[in-house]
Each structure stands twice: as structure tokens, then as C-alpha cells.
Amino acid sequence: MKRTPLAISFLILLGLALSGCKSLGMITQSDPEKTLRTALRSYEATLRWGYIGQAYNFLEPELQAKSKIPDNLDNIRVTHYNILQAPVMTGEGDERTAKQVAVILYVFQDRQIEKKLVDRQQWRYIPDEKTWVRINHIPDFK
């Protein structure tokens with residue numbers, strides 16, 4: 001079978017297009033990876049927009065039941081949220097976990113004093129719910 005220049009050009013373009021998909025993030029990710037990114041973005045947005053008390057909703061149910069939401073959170077404004085260590089996933093299936101480290105700068109609005117904390121996050125995937133929950137405490141804003 002003789003290939004025409006047009007057919008060869010088409011195959012080359014098709015190969016280039018498919019190879020470019022991975023670099024553009026078009027290859028599909030597994031559900032745990034997608035939902036981890038979503039959970040981490042939601043957690044970050046919750047803190048950035050000043051809903052620090054709502055961050056406790058990301059905790060696994062047992063830890064959430066034991067945690068007391070501090071009273072002073074209305075007085076805190078997050079000024080900067082920087083990821084120091086991108087999420088690292090470990091484990092498989094029901095045992096899937098992830099870690100991420102972020103630096104959070106914040107001010108007490110009544111004192112205008114900037115503080116900094118390192119948030120060492122640990123997350124666990126719940127396959128039945130297709131969601132991630134935080135499995136360590138929310139850091140203290142003090």
C-alpha cells in the first residue's frame with residue numbers, strides 16, 4: 001500500500017497532537033488525584049476567604065468531633081497562603097494518603113500584627129465517598 005504525502009502529513013500531525021495532550025494536562029487523572037486537587041483547592045480557598053472555622057469541616061468525622069473551633073477566628077484574616085511542598089500521594093485503594101505543606105501568613109485584625117504558621121497537612125482518601133478528609137488537626141492561629 002502506497003502512502004500519499006497527505007496521509008503521512010496527517011499521521012505526523014495526529015502524533016504531535018496526541019503527544020501534546022499530556023503536556024497540556026489533557027490525559028485523564030484517576031479519581032483520587034482529581035478529588036485531592038479539588039479538596040486542597042477548596043481548603044485553601046476556605047482559609048483565604050476568611051472562613052477559617054469552616055476548615056474544620058474538612059476533618060475526618062472522628063477528629064472533627066474531638067476538635068473545638070477556637071473563638072477568635074473572626075478576628076483573623078489570612079494574607080498569604082503558599083504551598084511549600086506540593087501534594088505527595090502514597091498508598092493504594094483504601095489506604096491512599098497524601099501530604100502537603102503550606103505556609104500561612106495572617107493578621108489579627110484588632111492588633112494588625114502579622115503572624116506565620118506552617119500547615120503540615122495529612123489527608124486520607126475515602127473511596128466509598130470519593131472524597132479526601134484531613135486526618136491531622138487544623139493548626140492553631142495564635
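All residue numbers in this chain count up from 1 along the given sequence.
Taking all atoms of both residues into account, the shortest heavy-atom contact from Val107 to Glu114 is CG1-CA, 3.7 Å. Residues Ala98 and Leu36 come closest through the heavy atom pair CB-CD2, 3.7 Å. Considering every non-hydrogen atom in both Arg96 and Gly91, the closest pair reads NE-O, 3.6 Å.
In this structure, Val101 is not a member of the same hydrophobic cluster as Tyr106, with clusters built from ILVMFWY side-chain heavy atoms closer than 4.5 Å. In the hydrophobic clustering of ILVMFWY residues, with side-chain heavy atoms under 4.5 Å counting as a link, Leu105 and Ile76 come out apart. If you chain together hydrophobic residues whose side chains sit under 4.5 Å apart, Tyr125 and Met89 fall into the same group. Connection of Val133 to Leu47 is not established within any shared hydrophobic cluster, with ILVMFWY side chains joined at heavy-atom distances below 4.5 Å, either directly or through further cluster members. Trp123 and Leu117 end up in the same hydrophobic cluster when Ile, Leu, Val, Met, Phe, Trp and Tyr side chains are linked at under 4.5 Å.
Distance check, rounded to the nearest 0.5 Å: CD of Glu44 to CD1 of Ile104 gives 9.0 Å. Taken from CG in Asn82 to NZ in Lys116, the straight-line distance is 10.0 Å, to the nearest 0.5 Å. With rounding to the nearest 0.5 Å, the separation of CD in Gln54 from CD1 in Ile52 is 11.0 Å. For the atom pair OG1 (Thr38) and CD (Glu33), the distance works out to 11.5 Å, reported to the nearest 0.5 Å.
Other cluster members for Tyr51: Trp49, joined by side-chain heavy-atom distances under 4.5 Å among Ile, Leu, Val, Met, Phe, Trp and Tyr.
A donor-acceptor pair is defined here as one N or O able to donate and one able to accept, closer than 3.5 Å; such a pair exists between the side chain of Trp132 and the backbone of Pro32. Remark: side-chain polar atoms of Arg77 are not paired, donor with acceptor, to backbone N or O of Gln109 under 3.5 angstrom.
When the shell of 6.0 Å around CD of Glu62 is examined, it contains more than 12 heavy atoms from other residues, nucleotides or ligands. Counting non-hydrogen atoms of neighbouring residues, nucleotides and ligands closer than 6.0 angstrom, the CD atom of Gln112 exceeds 12 such neighbours.
With 3.5 Å as the limit, one finds a donor-acceptor pair spanning the side chains of Thr90 and Thr97.
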Without placing hydrogens or testing angles, list every side-chain donor-acceptor pair under 3.5 Å for residues 134-142, not counting sequence neighbours.
{"unit_1": "Arg134", "atom_1": "NE", "unit_2": "Asn136", "atom_2": "O", "d": "3.1"}
{"unit_1": "Arg134", "atom_1": "NE", "unit_2": "Asn136", "atom_2": "OD1", "d": "2.9"}
{"unit_1": "Arg134", "atom_1": "NH1", "unit_2": "Tyr43", "atom_2": "OH", "d": "2.6"}
{"unit_1": "Arg134", "atom_1": "NH1", "unit_2": "Asp119", "atom_2": "OD1", "d": "3.1"}
{"unit_1": "Arg134", "atom_1": "NH1", "unit_2": "Asp119", "atom_2": "OD2", "d": "3.3"}
{"unit_1": "Arg134", "atom_1": "NH2", "unit_2": "Asp119", "atom_2": "OD1", "d": "2.6"}
{"unit_1": "Arg134", "atom_1": "NH2", "unit_2": "His137", "atom_2": "O", "d": "2.9"}
{"unit_1": "Asn136", "atom_1": "OD1", "unit_2": "Gln122", "atom_2": "N", "d": "3.1"}
{"unit_1": "Asn136", "atom_1": "ND2", "unit_2": "Arg120", "atom_2": "O", "d": "2.5"}

I'd like to know whether Leu40 forms a side-chain contact (heavy atoms from CB on, under 4.5 Å) with Gln100, so could you lay out the CA-CA distance, the side-chain angles of the two residues, the decisive distance to 0.1 Å, and finally the verdict. CA-CA 9 Å; Leu40 293 175; Gln100 175 176 273; 3.4 Å; yes

Go through the steps for Asp110 and Asn75 under the test side-chain contact (heavy atoms from CB on, under 4.5 Å), then give the verdict. CA-CA 7 Å; Asp110 62 347; Asn75 189 34; 2.8 Å; yes

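Between Thr46 and Tyr56 there is no side-chain heavy-atom pair separated by less than 4.5 Å. Between Lys99 and Gln121, every side-chain heavy-atom pair lies at or beyond the 4.5 Å cut-off. Between Gln64 and Asn57 there is a side-chain heavy-atom pair separated by less than 4.5 Å.
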